[in-house]
Amino acid sequence: MESRILHSSSSCCYSSLGTVNRYRFSSLSSPKPLSVSFTQTARRRTKVSRVLSMSKKDDATGSLTYKDSGVDIDAGTELVKRIAKMAPGIGGFGGLFPLGDDYLVAGTDGVGTKLKLAFETGIHDTIGIDLVAMSVNDIITSGAKPLFFLDYFATSRLDVDLAEKVIKGIAEGCRQSECALLGGETAEMPGFYAEGEYDLSGFAVGIVKKNAVINGKNIVAGDVLIGLPSSGVHSNGFSLVRRVLARSNLSLNDALPGGSTTLGEALMAPTVIYVKQVLDIISRGGVKGIAHITGGGFTDNIPRVFPDGLGAVIHTDAWELPPLFKWIQQSGRIEDSEMRRTFNLGIGMVMVVSPEAASRILQEAKNGDYVAYRVGEVINGEGVSYQ
């Protein structure tokens, strides 16, 4: 294995769920290395060389689910509960560690089986953007500004040209996030991966003032849910996507029904990095909670930011379902409830804001500053309902 480490200075900056993120809040007064933050990823990765073929149970007419595709969200949730007994306090999108008047906020993730489509399409120069996005989008939910990023690139035989493309994408993701690509690890493990394939992991650290951390504690009924649009599937749900693709009899080179690109281009669109937009909105006040809509969709991710006794109602007509998700649902005959618990459905980040902040944000969106939707409200109760 070869480590790639930069000594950082101010001038070095670049200008289950399929995944269950489990982070703890650490309140240690004297940091102890073994107690900092227990962060793991419970991503079920099916190692196959081609798109999943349909099982005998898949008669091409039944409704597909994420579990059918090999990802058991409930099993991931159960694992989180068990780990919580060993590391109390986990459950947020990022892990918080006290440092003077600040918190360091850390996150880690991969890109899952989206890599399989990268291998098939030959699109390797944007998968690194996905890798950065998955971690920095998690840590900004606490209001943290990303500081630096580390990557892990593993393969059986190092193809220098291919690896360069991947890492260029990582550097671009760091540039968009205004954080340093501090270093990484290149692991060459003969016989471990299929020829021409690789795996990726990423790790991000950010910082936020203790008196500015966003934790959802002051959310109340009547607060507004603002949704920011996604670029597509982002980096979750691809085990189900690949199952749908196998059933559809379409290829990645075929046109996306109702869209303007090929299926491959639509599916490989890089994950949106929300860092600049979200931190700018936070700076003007009124943001009480933020949910990164990844594996688990709306149904599992939004409640993670609420105090006990609060839930949400989502207005499904507040934004138009993008053609890619229409194709996924129709081709896989996927139930609404499964779509809402697996995919972002065109909304990659949800902010819980005061009614006053909502009015300001929506006016700015109307002025063309950015795109945002009023997707719902906070209500008394539990969970997420849809209207």
Side-chain angles (χ1 to χ4, degrees), residues 1-15 19 41 45 107-140 145-189 192-206 230-236 238 252-253 261-262 264-277 294 348:
M1 296 185 183
E2 180 183 348
S3 295
R4 295 175 269 108
I5 303 295
L6 295 177
H7 295 286
S8 181
S9 69
S10 59
S11 62
C12 79
C13 293
Y14 297 82
S15 289
T19 299
T41 300
R45 293 181 180 173
T108 182
D109 212 334
V111 296
T113 57
K114 188 171 187 176
L115 284 171
K116 287 293 183 183
L117 298 190
F119 305 150
E120 292 188 25
T121 60
I123 299 174
H124 300 284
D125 57 346
T126 58
I127 200 73
I129 298 175
D130 291 299
L131 185 68
V132 175
M134 295 304 290
S135 288
V136 297
N137 285 345
D138 273 349
I139 67 175
I140 62 172
K145 181 187 185 306
L147 294 175
F148 59 84
F149 185 84
L150 298 162
D151 70 87
Y152 174 80
F153 179 95
T155 187
S156 286
R157 184 182 63 82
L158 183 59
D159 181 330
V160 175
D161 291 336
L162 186 150
E164 181 185 23
K165 291 178 181 178
V166 173
I167 296 171
K168 278 185 176 179
I170 295 172
E172 171 60 20
C174 289
R175 186 196 66 78
Q176 292 182 26
S177 306
E178 295 186 336
C179 70
L181 176 54
L182 197 60
E185 175 78 6
T186 302
E188 193 167 15
M189 299 184 288
F192 197 80
Y193 298 97
E195 181 67 21
E197 297 192 357
Y198 55 87
D199 201 4
L200 294 172
S201 294
F203 315 88
V205 174
S230 69
S231 59
V233 180
H234 282 182
S235 301
N236 291 95
F238 276 89
L252 294 169
N253 293 322
T261 67
T262 66
E265 291 167 340
L267 290 169
M268 287 300 295
T271 304
V272 174
I273 292 177
Y274 295 98
V275 172
K276 293 180 183 179
Q277 181 180 8
T294 57

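Start at 1 with the first residue, then count along the sequence. Both backbone and side-chain heavy atoms feed into the values below; hydrogens, waters and symmetry mates do not.
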**Asked** Is it the case that Thr271 and Asp130 place a side-chain donor and acceptor less than 3.5 Å from each other?
**Response** yes
**Complete:** Here the pair of heavy atoms bringing Ser231 nearest to Pro270 is OG-O, 2.6 Å
**Residue pair Lys114 / Ser235: nearest heavy atoms and the distance that separates them** = CD-OG, 4.1 Å
**Complete:** Here the gap from Lys276 atom NZ to Lys145 atom NZ, rounded to the nearest 0.5 Å, amounts to 10.0 Å
**Fill in**
Output for pair (Leu131 CG, Ile170 CD1), nearest 0.5 Å, gives 5.0 Å
**Request:** On the 0 to 90° scale, with breaks at 30° and 60°, tag the Tyr198-His124 ring pair as parallel, tilted or perpendicular.
**Result:** tilted
**Prompt:** Val275: what forms a side-chain contact (heavy atoms from CB on, under 4.5 Å) with it, not counting sequence neighbours?
**Reply:** Val136, Ile140, Pro146, Ser177, Ile273, Leu279
**Message:** What's the separation between atom CD1 in Ile123 and atom CD in Glu265, rounded to the nearest 0.5 Å?
**Reply:** 6.5 Å
**Prompt:** What is the distance from atom OG1 of Thr121 to atom CE of Met268, rounded to the nearest 0.5 Å?
**Reply:** 4.5 Å
**Item:** Under the side-chain contact (heavy atoms from CB on, under 4.5 Å) test, residues paired with Asp159 that sit two or more places apart
**Value:** Asp161, Leu162
**Message:** Under the criterion side-chain contact (heavy atoms from CB on, under 4.5 Å), I'd like the reasoning laid out for Leu115 against Asp199: C-alpha separation, chi angles, the key distance, then a yes or no.
**Reply:** CA-CA 7 Å; Leu115 284 171; Asp199 201 4; 3.4 Å; yes
**Request:** Could you tell me whether the side chain of Phe238 reaches within less than 4.5 Å of the side chain of Leu267, counting heavy atoms only?
**Result:** yes
**Request:** Please tell me if the side chains of Val166 and Ile127 come closer than 4.5 Å, counting only heavy atoms from C-beta onward.
**Result:** yes
**Message:** Applying side-chain contact (heavy atoms from CB on, under 4.5 Å) to Phe149 and Leu182, what does each step give before you reach the verdict?
**Reply:** CA-CA 6 Å; Phe149 185 84; Leu182 197 60; over 6 Å; no
**Item:** Backbone N/O of Phe192 and side chain of Ser156: donor-acceptor pair under 3.5 Å
**Value:** yes
**Message:** If you compare all heavy atoms of Phe148 against all heavy atoms of Cys179, which two are closest, and at what distance to 0.1 Å?
**Reply:** N-CB, 4.0 Å
**Complete:** Here the pair of heavy atoms bringing Thr155 nearest to Glu197 is OG1-O, 2.9 Å
**Item:** Leu181 side, atom CG; Asp151 side, atom CG - distance, nearest 0.5 Å
**Value:** 6.0 Å
**Asked** From Phe203 CZ over to Ile139 CD1, what is the distance, rounded to the nearest 0.5 angstrom?
**Response** 13.5 Å
**Item:** More than 12 heavy atoms of other groups within 6.0 Å of Lys168 NZ
**Value:** no
**Prompt:** Met134 and Gly110: which non-hydrogen atoms are nearest, and at how many Å?
**Reply:** CG-O, 3.7 Å
**Asked** How far apart are the closest heavy atoms of Ser135 and Gly107, and which atoms are they?
**Response** OG-O, 3.7 Å
